[in-house]
There are 2 protein chains.
Amino acid sequence: MIETGSYTEVLRREGLRNTKHRNSILETIEGSGKPVTAEEIFLNLKSKNISINLSSVYRALDILVFKEVVVKSTIADSSSAFFEINKREHKHNLICSGCKKIFPVDGCPLEEYEKLLQDKTGFDVTGHRLEIYGYCHECKEEKKYFSNE
Amino acid sequence: MIETGSYTEVLRREGLRNTKHRNSILETIEGSGKPVTAEEIFLNLKSKNISINLSSVYRALDILVFKEVVVKSTIADSSSAFFEINKREHKHNLICSGCKKIFPVDGCPLEEYEKLLQDKTGFDVTGHRLEIYGYCHECKEEKKYFSNE
DNA sequence: TTAGTTGCAAATCGTTTGCATCAAG
DNA sequence: CTTGATGCAAACGATTTGCAACTAA
């Protein structure tokens with residue numbers, strides 16, 4: 001059976017077999033527009049009546065991360081990993097400590113700093129991870145009502 | 001039995017019982033001078049012939065994190081959590097992707113940026129997490145010898 | 001005395017693996 | 001056909017929990 005999905009070309013380019021599952025997984029991640037967990041992907045596919053095993057989701061993600069098609073990350077207060085399409089554009093996430101929603105923000109304030117650090121420490125800096133925590137507009141409001149400070 | 005350890009006062013201040021175990025755990029974290037895992041703490045205590053159960057280490061850490069005496073964090077490529085004494089001074093870690101050693105660096109380049117972001121997004125920014133990845137001096141050398149780029 | 005702390009064993013959660021089957025190339 | 005991809009069940013490592021025994025206050 002010959003399948004063609006929106007990620008067929010990407011998979012081919014990476015030397016990976018173009019399977020229905022890999023396409024659906026990538027489309028699901030893409031479609032959600034924010035970092036998602038393996039389980040979220042799994043449940044999303046299930047809700048679309050796409051039958052797949054959770055371990056296959058993990059396996060697909062593994063190889064896609066290795067090929068740098070997908071980026072894996074973790075956030076504080078969550079024991080599970082998050083996955084997103086590697087857009088190769090440098091951005092960070094704003095994470096709401098209230099509702100745990102993730103809001104991507106463009107740009108990065110660290111380029112200068114990394115050079116500085118490299119000179120100061122002799123470390124060969126290759127990258128970084130930055131997340132900003134706080135309360136989104138809605139949760140900020142809620143906090144106002146329930147807080148007694 | 002009345003125990004007095006170096007953290008007796010801290011525990012009392014937080015309304016926690018001053019136990020031998022909590023003192024030893026805090027001393028072990030302090031002594032190691034870098035973020036450590038629950039298991040590392042457990043093994044370290046064991047090597048000093050202090051008999052404690054791993055689950056008690058976790059329980060003590062939980063409450064100490066809640067009381068903000070200890071800070072919990074995770075790093076990429078490790079499934080376990082790291083704990084360190086909350087010095088309440090703002091610093092970040094430089095993590096070697098080669099040997100996985102963690103090097104604390106003082107200071108933080110993000111104060112300005114957070115204000116900016118707060119204005120731009122309406123988010124109530126409360127903090128952030130930043131780690132910088134790269135290769136330490138030793139691993140940089142090794143990379144030179146083994147790499148074929 | 002009594003509420004908080006511990007040890008122990010079992011449970012849980014996210015993730016990984018071995019193996020037989022299946023499908024893409 | 002051949003190798004890589006999948007499903008399934010079982011294993012795994014880190015962490016959490018229920019419960020009975022213990023101990024700091």
Side-chain angles (χ1 to χ4, degrees), chain A residues 1-5 7-26 35-43 45-46 49-67 69-70 72-83 100, chain B residues 1-5 7-26 35-43 45-46 49-67 69-70 72-83 100:
Chain A
M1 195 205 287
I2 292 158
E3 294 294 338
T4 5
Y7 279 93
T8 301
E9 264 320 306
V10 178
L11 292 170
R12 183 162 311 157
R13 186 195 317 134
E14 299 297 339
L16 297 175
R17 286 196 181 167
N18 170 41
T19 71
K20 212 182 201 170
H21 283 167
R22 283 181 183 159
N23 264 287
S24 326
I25 288 172
L26 288 165
V36 284
T37 65
E39 179 134 38
E40 283 169 347
I41 296 168
F42 171 70
L43 292 175
L45 292 176
K46 206 167 201 175
N49 284 315
I50 296 172
S51 154
I52 185 174
N53 192 280
L54 183 53
S55 71
S56 302
V57 175
Y58 276 109
R59 270 195 273 233
L61 288 171
D62 260 7
I63 197 163
L64 291 168
V65 167
F66 178 72
K67 293 292 190 176
V69 176
V70 164
K72 176 179 180 174
S73 59
T74 53
I75 64 172
D77 273 3
S78 172
S79 49
S80 31
F82 288 79
F83 301 87
K100 311 287 176 198
Chain B
M1 194 207 285
I2 293 158
E3 294 292 341
T4 6
Y7 279 94
T8 300
E9 266 320 306
V10 177
L11 293 170
R12 183 161 311 156
R13 187 194 318 136
E14 300 296 341
L16 297 174
R17 285 199 180 164
N18 170 41
T19 71
K20 211 184 203 168
H21 282 167
R22 284 182 184 158
N23 264 287
S24 327
I25 288 172
L26 288 166
V36 284
T37 65
E39 180 134 38
E40 281 168 348
I41 296 168
F42 172 69
L43 292 175
L45 292 175
K46 206 167 200 176
N49 283 315
I50 297 172
S51 156
I52 186 173
N53 192 279
L54 182 55
S55 71
S56 302
V57 175
Y58 277 110
R59 269 194 274 234
L61 288 170
D62 259 7
I63 198 163
L64 290 168
V65 166
F66 178 71
K67 293 290 191 177
V69 175
V70 163
K72 177 178 181 174
S73 59
T74 53
I75 64 172
D77 272 2
S78 171
S79 50
S80 31
F82 288 80
F83 300 86
K100 311 286 175 199

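Each chain gets a letter, A, B and so on, in the order its sequence line appears, and its residues count up from 1. All values below were derived from every heavy atom in this structure, side-chain atoms included, with hydrogens, water molecules and symmetry-related copies excluded.
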Participant: Report yes if a side-chain nitrogen or oxygen of B:S56 is closer than 4.0 Å to either non-bridging phosphate oxygen (OP1 or OP2) of C:dG7; otherwise report no.
Facilitator: yes

Participant: Pull out every protein N or O sitting under 3.5 Å from an N or O of nucleotides 17-19 of chain D, one pair per line with the distance.
Facilitator:
unit_1 : atom_1 : unit_2 : atom_2 : d
D:dG18 : O6     : B:R59  : NH1    : 3.2
D:dG18 : O6     : B:R59  : NH2    : 3.1

Participant: Could you tell me the separation between the CZ atom of A:F42 and the CD1 atom of A:I25, rounded to the nearest 0.5 Å?
Facilitator: 11.0 Å

Participant: Once you build an axis from the first five pairs and another from the last five of the helix from C:dT1-D:dA25 to C:dG25-D:dC1, how far apart in angle are they, to 10 degrees?
Facilitator: 40°

Participant: Can you see which heavy atom on A:L11 is nearest to which on A:T19, and at what distance?
Facilitator: CD1-N, 4.4 Å

Participant: Can you tell me how far P of C:dT16 sits from CG of A:N53, to the nearest Å?
Facilitator: 14 Å

Participant: Over how many whole Å does the gap from A:N23 atom CG to C:dA24 atom C1' extend?
Facilitator: 13 Å

Participant: Considering non-hydrogen atoms only, spot the tightest contact between A:A38 and A:L61 and give its length.
Facilitator: CB-CD1, 3.9 Å

Participant: Rounded to the nearest 0.5 Å, what separates atom CZ in A:R59 from atom CG in A:N53?
Facilitator: 8.0 Å

Participant: Specify the separation, in whole Å, of atom CZ of A:F42 and atom P of C:dC13.
Facilitator: 15 Å

Participant: B:N23 and B:Y7: which non-hydrogen atoms are nearest, and at how many Å?
Facilitator: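 Smallest interatomic distance, heavy atoms only, reads OD1-N, 2.9 Å.
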
Participant: Grab the OH-P distance between B:Y58 and D:dA14 for me, whole Å please.
Facilitator: 7 Å

Participant: Hey, does A:A81 reach any base, or is it just sugar-phosphate, or nothing, if we go heavy atoms under 4.0 Å?
Facilitator: sugar-phosphate

Participant: Compare every heavy atom of A:S80 with every heavy atom of A:T37, then report the nearest pair and how far apart it is.
Facilitator: CG2-OG, 4.0 Å

Participant: Is the count of non-hydrogen atoms from other residues, nucleotides or ligands lying under 6.0 Å from B:K46 atom NZ greater than 12?
Facilitator: no

Participant: When the distance from CZ of A:F82 to P of C:dG14 is rounded to whole Å, what number comes out?
Facilitator: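 To the nearest whole Å, that distance equals 11 Å.
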
Participant: Between A:R17 and A:R22, which heavy-atom pair has the shortest distance, and what is it?
Facilitator: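 That closest heavy-atom pairing would be O-NH1, 3.1 Å.
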
Participant: Provide a list of protein-nucleic acid N or O atom pairs under 3.5 angstrom, restricted to nucleotides 1-5 of chain C.
Facilitator:
unit_1 : atom_1 : unit_2 : atom_2 : d
C:dA3  : N3     : B:R17  : NH2    : 3.0
C:dG4  : O4'    : B:R17  : NH2    : 3.2
C:dG4  : N3     : B:R17  : NH1    : 3.3
C:dT5  : OP1    : B:R17  : N      : 3.2
C:dT5  : OP1    : B:R22  : NH1    : 2.3
C:dT5  : OP1    : B:R22  : NH2    : 3.0
C:dT5  : OP2    : B:R22  : NH2    : 3.4
C:dT5  : O5'    : B:R22  : NH2    : 3.1

Participant: Please round to the nearest 0.5 Å and tell me the distance separating atom OG of B:S24 and atom CG of B:L45.
Facilitator: 5.5 Å

Participant: Quick check: closest heavy atoms across A:A81 and A:K72, and the distance to 0.1 Å?
Facilitator: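 Heavy atoms only, the tightest pair is CB-CE, 3.7 Å.
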
Participant: Tell me: CD of A:E14 to C1' of D:dA5, nearest whole Å?
Facilitator: 17 Å

Participant: What is the distance, to the nearest angstrom, from the NZ atom on A:K20 to the P atom on D:dT6?
Facilitator: 12 Å

Participant: What is the distance, to the nearest angstrom, from the CG atom on A:L64 to the C1' atom on C:dT15?
Facilitator: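 Roughly 17 Å, once rounded to whole Å.
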
Participant: By the definition side chain to side chain contact (heavy atoms under 4.5 Å, CB included), identify the one residue from B:I63, B:L16, B:L64 that meets it with B:V69.
Facilitator: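 The single option meeting the side chain to side chain contact (heavy atoms under 4.5 Å, CB included) with B:V69 is B:L64.
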
